Amino acid sequence: MTLFTDFGLAQPILKALAAEGYEKPTPIQAQTIPYAMEGRDVCGIAQTGTGKTAAFALPILHRLSQNPKPRKPKSPRVLVLSPTRELSGQIADSFKAYGRNLRLTTEVVFGGVTISRQEKALANGIDVLVATPGRLLDLVDRRSLSLRDIEILVLDEADQMLDLGFIHALKRIVTLLPKERQSLFFSATMPKTISTLADSFLRDPAHVAVTPVATTAERVDQSVIFVPTNRKQVLLETLLRDPSIDRVLVFTRTKHGADKVVRGLDKAGIVGAAIHGNKSQPQRERALAGFRDGSCRVLVATDIAARGIDVEGVTHVINYDLPNVPESYVHRIGRTARAGASGLAISFCNDEEKAYLKDIEKLTRLKVPVMPLPEGLPAAPAPSESSERRGEPQRGRPAPHSRGHQGHGQPRQADPNADKGPKRRRRGGKPAGGQPQGGHPAAGQQRPAQGQKPAQGQRPQQGRPAARSSDGRRDGAQVAWLEKSPRRR
Ligand code: AMP
């Protein structure tokens, strides 16, 4: 297994990675960093969410730190080109986070805001400039920026750059750069037009690629249960009565949501732990250790917190909330399909999350089979009775119609309540569609999928919860079907 320490990265960078909570490199990092450290050009196929920002930022920071130079006004040493202002901001945040123990400066410039502040920052001299192509050229034309001293160029999300019509800007930018430089080029896809563009930037590049996310999804047996928000907790508790759920990762969209789920489980007598950006390192380590050694069967996590987790033998992933970024769904369910093993992923979907489900199905090109609510699932509690536990409006729940359609080039929207990680951001995906869409039966009208409903009168057995009585546990809900969810339709 590759470790960050294997790359020979400078100590201050390793320290920053530890502070970020990164335990090991992602596949794109493991592939890219060694070449980039050698000074080679790299041509990478990788999507957002794979960790590609660190794949280029870490070796760049290392190389700059090993060869310190006084900052020159208007002349950065590194240029990172990115298609949107939001992505540019996130990349700059990453450079700042990973480089927090180095004396290097990063600035971000993009259009749509006054240029004078950007000119001032450049005039002071910076090391790393992250820019969208249009504003970059404006600054060059105003002689507020020179690309003469660029030592390393990154072109990120090349396919999106072309989609957005930046081809002419890119062709011009390449003529302004020194010929002697290192170039790192990334794109989610590599059709002919992009590889031709790559050729104009790169010299004898090393090629790296990570598996497109869709293939992960194919290995995982998935299902979705339509359920109103106020029955999600009770549904989760019911499913967890199934002993075949040996080690389960439950995903919520927010840190608050994760804590709330764990509190609910606790009341129901189910041992669970939460892991998210507000937990301290020791707390996270404790939760993980319990999950690994089996003393804690249920780990409730947010997306960011789950990224660095590598636990073998996760039998189930439950999406308590569906993510608004479809790629996150694939990353989540991929946790149960490690090393070729297949796993089960169950998603809870309320009316407002149906649009997210649609985005997910579009990305994975798979229809997620619908599972009915388990029979005998207790009704939603009256709000007064249990507002603390289930009835209160969920923070982090998508507001109806909150996801206005965004075309290419619009800044990606992040869920404001989502876990932004230990210290910072969450990469937004491209939300689509406004209203919840049809295509799936609404909660309460589920179409039972083939062969999944247990026979009436089935005795309690493995996979079926015991009747609730003296111990206050819930009764009658049949969950034997969980052991084998139906295949994709
Ligand atoms: P990116 O693909 O660069 O947008 O990264 C996606 C997310 O993964 C970001 O929130 C990063 O902070 C996080 N990330 C990147 N590398 C790692 C790693 N090695 N371990 C855990 N999280 C990571």
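Counting starts at 1 for both ligands and their atoms, following the listed order. As the structure is a computational prediction, the values presented were derived from the model and not from experiment.
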For ligand 1, which atoms, with element, lie under 4.0 Å from some heavy atom of [X]?
{"X": "T26", "result": "16 (N), 17 (C), 18 (C), 19 (N)"}
{"X": "T50", "result": "2 (O)"}
{"X": "T53", "result": "1 (P), 3 (O), 4 (O)"}
{"X": "F4", "result": "19 (N)"}

Contact check, K24 vs ligand 1, heavy-atom distance below 4.0 Å: yes
Before signing off on this row, confirm whether G51 and ligand 1 have an N or O atom pair separated by under 3.5 Å. yes
Can you find an N or O of E20 that's nearer than 3.5 Å to an N or O of ligand 1? no
How many angstroms lie between atom CZ of R247 and atom CD1 of I245, to the nearest 0.5 angstrom? 14.0 Å
Strictly distance-based, threshold 3.5 Å: is any side-chain N or O of K232 a donor or acceptor partner for the main-chain N or O of Y320? yes
Short version for F186: what comes under 4.0 Å of ligand 1, heavy atoms counted, is neither
Verify the distance criterion only: is there a donor paired with an acceptor across the side chains of T26 and T50 at less than 3.5 Å? no
Compute whether any side-chain donor of one residue and acceptor of the other, for K15 and N101, lie under 3.5 angstrom apart. no
Scan V248, L288, V250 and name whichever one has a side chain to side chain contact (heavy atoms under 4.5 Å, CB included) with L299. L288
Does OH belonging to Y35 count more than 12 external heavy atoms closer than 6.0 Å? no
